[in-house]
Each structure stands twice: as structure tokens, then as C-alpha cells.
Amino acid sequence: MKLIKEKKIYTGDGVIENGYIRFDEKIEEVGDMAGFEPKEGDLEVSCAGTMVVPGFIDIHSHGGYGKDNMDATPDEIDEMVKQMTKQEGITTYFCTTMTQTYENIEKAMQNIHDAAQKNPVIKGIHVEGPFISTVFKGAQDPSYIKKPDEKTLAKWNEISGGLLRIVTYAPEEADPSFETWCKENGVVLSAGHSNALYGELNASGATHVTHLYNAQRGLNHREPGVTGYGMLAEGVHAELICDGKHIIPDMVKLACKVRGYDGIELITDSMRAKGMPEGKSELGGQVVIVKDGMAKLEDGTIAGSILTYIQAFKNVMEFTGATVEDAVKMTSGNQAKEFGLDSKGAIAAGKDADMVVLNDAFDLVQTISYGKLA
């Protein structure tokens with residue numbers, strides 16, 4: 001049995017100032033060093049880190065390290081996710097697709113399904129487009145935008161082996177049958193790339209908002225729109241791209257203050273250029289230029305991010321004054337609860353041994369995924 005000891009442990013349900021963790025694929029025991037007793041077979045994991053937090057859960061990412069979920073082979077997706085685990089602390093990942101031809105989306109569904117057989121970190125698919133609004137298309141190609149269609153979504157879910165977990169859609173474009181299918185099949189409805197009014201959103205089935213502030217009707221003193229819904233509606237979870245560029249730090253702070261740390265989920269919304277040199281890249285068949293830490297289409301539209309998850313974790317504390325416990329909620333606990341990932345989101349006996357070891361500067365020292373050192 002592997003053993004980490006004499007670390008500060010943020011369990012997701014509190015803090016152990018000087019604790020230990022026994023684990024294999026699952027966590028066997030967590031406790032205070034005051035009650036520690038050596039056991040035969042203990043294999044101590046030695047690393048320079050001073051604290052341990054639950055593994056990060058990224059529910060919205062298109063790719064990174066030169067790969068994209070839309071066109072990568074299963075082996076390439078597997079390798080990309082391994083890089084995310086090792087370099088960023090991501091131990092649960094939702095492969096995110098985008099607005100493209102149905103044929104290309106179906107190929108991606110099959111490839112993601114096959115990659116998930118190789119890599120258990122892949123726990124779902126986030127369908128971002130094509131069921132969105134042309135008014136707030138963002139970096140999605142408008143020529144492929146379609147009206148929300150539950151039959152198509154059901155087909156994709158079948159191809160993927162039931163991996164669909166969340167769909168970004170424009171509620172103002174959807175019929176009730178689309179929302180009903182999602183609810184009945186455990187697919188979270190997320191308002192995003194949407195021009196919906198607050199009243200329309202209240203009448204919809206949306207319980208989530210895609211990349212708050214971005215590609216949506218903004219907060220207005222006469223019409224709260226999608227942004228207002230993400231901040232104010234009871235029980236709604238809102239995504240934040242916490243890179244300081246998609247959203248300036250003060251607006252990150254505002255969202256956290258209004259929505260509360262229990263309702264925020266940090267995402268990267270990363271694309272293939274993450275982890276690569278700046279220059280020309282690609283997203284959804286469109287040319288992307290990466291310069292000065294920003295990814296943009298040739299017309300200047302922001303196109304995903306090159307944000308790493310560990311940087312998002314550090315940024316949210318810097319931008320908002322959040323504690324480590326608060327940051328743990330936004331990087332693992334909230335996602336685990338919303339998506340029914342019962343074995344994730346906390347360091348506790350019986351949970352998967354998904355952990356991130358950090359130093360005092362919150363730099364990543366070691367990622368542990370299902371008990372294996374990445």
C-alpha cells in the first residue's frame with residue numbers, strides 16, 4: 001500500500017494540518033499523524049510537496065499539447081490526457097467537442113469512446129455546439145450551427161457509449177423535447193453561446209452556464225441575460241475561465257462573490273495550442289493565432305485558451321482571495337457533486353486515489369491518478 005505522510009491535506013471536507021494517506025487505486029485511510037501507526041507493506045511516496053488536494057476535474061477542454069478532441073485519434077487523445085494529468089493535475093476530464101459537421105462530430109464521439117477505454121481519466125463528453133445561437137457564436141463556425149435536436153444527440157450518445165455528460169445549447173432555440181431528453185438521460189443542460197433572456201432561461205431546463213461572461217447576453221440593468229442567470233438563479237453552476245484574459249480578475253471576483261464558491265466550476269476551455277509555442281494553430285477548422293498568451297481567430301475573436309488547470313487553481317486564489325478550501329470546491333468538489341462523480345472530488349476512504357501534491361507556492365509537484373504517479 002502506498003503512503004503519503006506528514007503533509008497538509010485538504011480533504012474537500014476540511015483540513016488535516018499534518019496528516020497521512022494510505023492508498024492503492026482507492027484511498028484506504030486518511031488521518032492525522034498523531035494517530036499514525038506504521039503497517040507492514042507501507043511504501044512511502046517521497047516528494048518535495050507540502051500539501052495535498054483532490055485531483056482537478058476539467059469539464060470543458062477542447063485539447064492541448066498539439067491535439068484536439070475533434071480530430072485526434074484515440075491514441076492521441078489518450079496521450080494528450082496523460083500530459084494534462086502529469087503537467088496540470090487533471091485527474092478527471094470531459095473531452096469537449098465543438099460546432100462542426102455531424103460527420104466529424106460522430107467521428108470524434110467514436111474516437112473519444114475508444115480513448116476512454118485506454119484512459120480512465122476520461123469520464124465524459126461536453127458537447128459545445130452545434131446547438132447554439134449565431135448571435136453569440138464566439139469562435140464556433142456559424143455555417144455548421146443547427147437547431148437543438150434530441151434525436152441527433154441520442155445518436156451521438158450511443159456512438160460514444162453513453163459518455164455524454166453536458167451539452168452547451170441556446171435555450172431560446174430549443175424545443176421542450178430536447179430538454180426533456182437531456183433530463184431523462186442524465187445530460188446536464190448548459191446555457192451558452194446564447195442570446196436568451198432571463199425569463200426564457202428561468203423557463204428552460206438549464207442548470208449550468210458555459211464560460212460565464214463569454215459568448216452570451218451580458219449582465220444589463222434591465223435584462224440580466226445568461227450572465228445574470230449564471231450568477232443569480234438558484235442551483236445553477238457557472239463555469240469560469242480563470243486566466244485573467246477571458247475575464248479580468250475583478251469580474252472573476254464579482255462572480256465568486258455573487259454566485260458563491262459552491263456554485264463556481266473552473267474550466268480551461270483549452271485548445272490544441274496549450275503547451276505549444278506561440279504562433280499559428282487551429283480550432284474547429286479555423287485558423288487561430290496565439291500571441292501574448294491569447295488564442296484568437298484571424299478576425300480577433302477569442303478562440304479558447306492556453307490555460308493550464310494548475311494555473312487556474314492558483315489564479316482564482318490570487319484574483320479573489322479565495323482560500324485553498326474554496327479553490328478545492330471550484331476545482332473538484334462542485335464538479336463531482338453536479339455530475340454524480342461519487343468516487344471523485346475528495347480525499348477520503350473509498351474514493352479514487354486522485355490527488356495533487358503541491359508546494360508552498362502552489363506549484364504542482366506530483367499528480368497521483370487512481371493511485372499511480374503520473
Side-chain angles (χ1 to χ4, degrees), residues 12-13 57 59-60 94 124 126-128 131-133 136 148 164-242 247 250-267 316 319-323 325-342 344-346:
D13 191 37
I57 300 175
I59 62 166
H60 187 159
F94 288 4
H126 182 156
V127 178
E128 187 187 18
F131 307 131
I132 58 175
S133 165
F136 286 103
L164 266 59
R165 296 287 178 267
I166 177 171
V167 57
T168 292
Y169 80 121
E172 71 275 21
E173 302 291 336
D175 292 330
S177 58
F178 179 83
E179 296 175 330
T180 297
W181 185 91
C182 289
K183 292 175 187 176
E184 290 177 348
N185 289 274
V187 178
V188 170
L189 287 155
S190 183
H193 291 277
S194 166
N195 194 33
L197 303 176
Y198 196 82
E200 291 173 313
L201 291 156
N202 272 329
S204 77
T207 57
H208 192 102
V209 166
T210 297
H211 43 49
L212 189 72
Y213 295 116
N214 291 276
Q216 58 198 236
R217 180 183 282 268
L219 191 63
N220 180 280
H221 64 290
R222 291 194 180 92
E223 174 49 62
V226 179
T227 296
Y229 185 74
M231 287 187 176
L232 299 170
E234 185 176 353
V236 170
H237 289 82
E239 301 175 356
L240 284 182
I241 307 171
C242 202
I247 314 166
D250 283 344
M251 296 304 283
V252 173
K253 188 173 184 178
L254 175 64
C256 288
K257 187 171 184 178
V258 175
R259 176 77 278 169
Y261 297 123
D262 290 334
I264 297 291
E265 296 175 8
L266 300 190
I267 61 166
V316 79
F319 295 171
T320 71
T323 65
E325 295 97 313
D326 296 328
V328 164
K329 289 180 181 180
M330 294 184 280
T331 56
S332 60
N334 296 341
Q335 293 91 325
K337 289 175 184 176
E338 181 180 15
F339 292 97
L341 302 168
D342 295 337
K344 308 292 184 180

Donor-acceptor contact below 3.5 Å, side chain His126 vs main chain Ile59: yes

Please tell me if the side chains of Val127 and Tyr169 come closer than 4.5 Å, counting only heavy atoms from C-beta onward. no

Taken to the nearest 0.5 Å, the spacing of Leu341 CG from Gln335 CD works out to 9.0 Å

Residues Arg259 and Gly235: closest non-hydrogen pair is NH2-N, 4.2 Å

CD1/Ile264 to CG/Asn334 distance, rounded to the nearest 0.5 angstrom? 8.5 Å

In Å and rounded to the nearest 0.5 Å, what is the CG to SG distance from Leu212 to Cys242? 11.5 Å

Step-by-step side chain to side chain contact (heavy atoms under 4.5 Å, CB included) determination, Leu197 to Glu223: CA-CA 7 Å; Leu197 303 176; Glu223 174 49 62; 3.8 Å; yes

Decide yes or no for Lys344 and Ser332: does some side-chain heavy atom of the first lie under 4.5 Å from some side-chain heavy atom of the second? no

How about Met330 and Cys256: do any of their side-chain heavy atoms sit closer than 4.5 Å? yes

Nearest 0.5 Å, please: how far is CD in Glu173 from OG in Ser133? 5.5 Å

CG/Asp262: more than 12 non-hydrogen atoms of other groups inside 6.0 Å: yes

Report yes if some heavy atom in the side chain of Met231 is under 4.5 Å from a heavy atom in the side chain of Leu254; otherwise report no. yes

In short, Thr210 meets Ser190 closest at the heavy-atom pair OG1-OG, 2.7 Å

Got a second to check how far Lys329's NZ is from Asp13's CG, nearest 0.5 Å? 10.0 Å

Decide side chain to side chain donor-acceptor pair (under 3.5 Å) for Glu325 and Tyr261; before the verdict, give the C-alpha distance in whole Å, the side-chain angles of both, and the deciding distance to 0.1 Å. CA-CA 10 Å; Glu325 295 97 313; Tyr261 297 123; over 6 Å; no

Is any side-chain heavy atom of Phe319 closer than 4.5 Å to a side-chain heavy atom of Met251? no

Examine distances only and state if a side-chain atom of Asp326 and a backbone atom of Thr323 form a donor-acceptor pair shorter than 3.5 Å. yes

With under 30° as parallel and over 60° as perpendicular, where do the rings of Tyr198 and Tyr229 fit, or are they tilted in between? perpendicular

CD on Glu265 to CD on Glu239, rounded to 0.5 Å: 7.0 Å

Residue pair Val167 / Cys182, side-chain heavy-atom distance below 4.5 Å: yes

Please check this pair: side chain of His193 against backbone of Phe136, looking for a donor-acceptor N/O pair closer than 3.5 Å. yes

Val187 versus Leu164, closest heavy-atom pair with distance: CG2-O, 3.8 Å

Apply the test side chain to side chain contact (heavy atoms under 4.5 Å, CB included) to residues His211 and Glu128: give CA-CA distance (whole Å), side-chain angles for both, the deciding distance (0.1 Å), then the verdict. CA-CA 11 Å; His211 43 49; Glu128 187 187 18; 3.1 Å; yes

Per the side chain to side chain donor-acceptor pair (under 3.5 Å) rule, which among Arg217, Glu200, Glu172, Gln216 passes with Ser194? Glu172

Closest non-hydrogen atom pair, Pro171 against Leu201: CG-CD2, 3.8 Å

Keeping the roles fixed (side chain from Thr180, backbone from Ser177), state whether a donor-acceptor pair exists under 3.5 Å. no

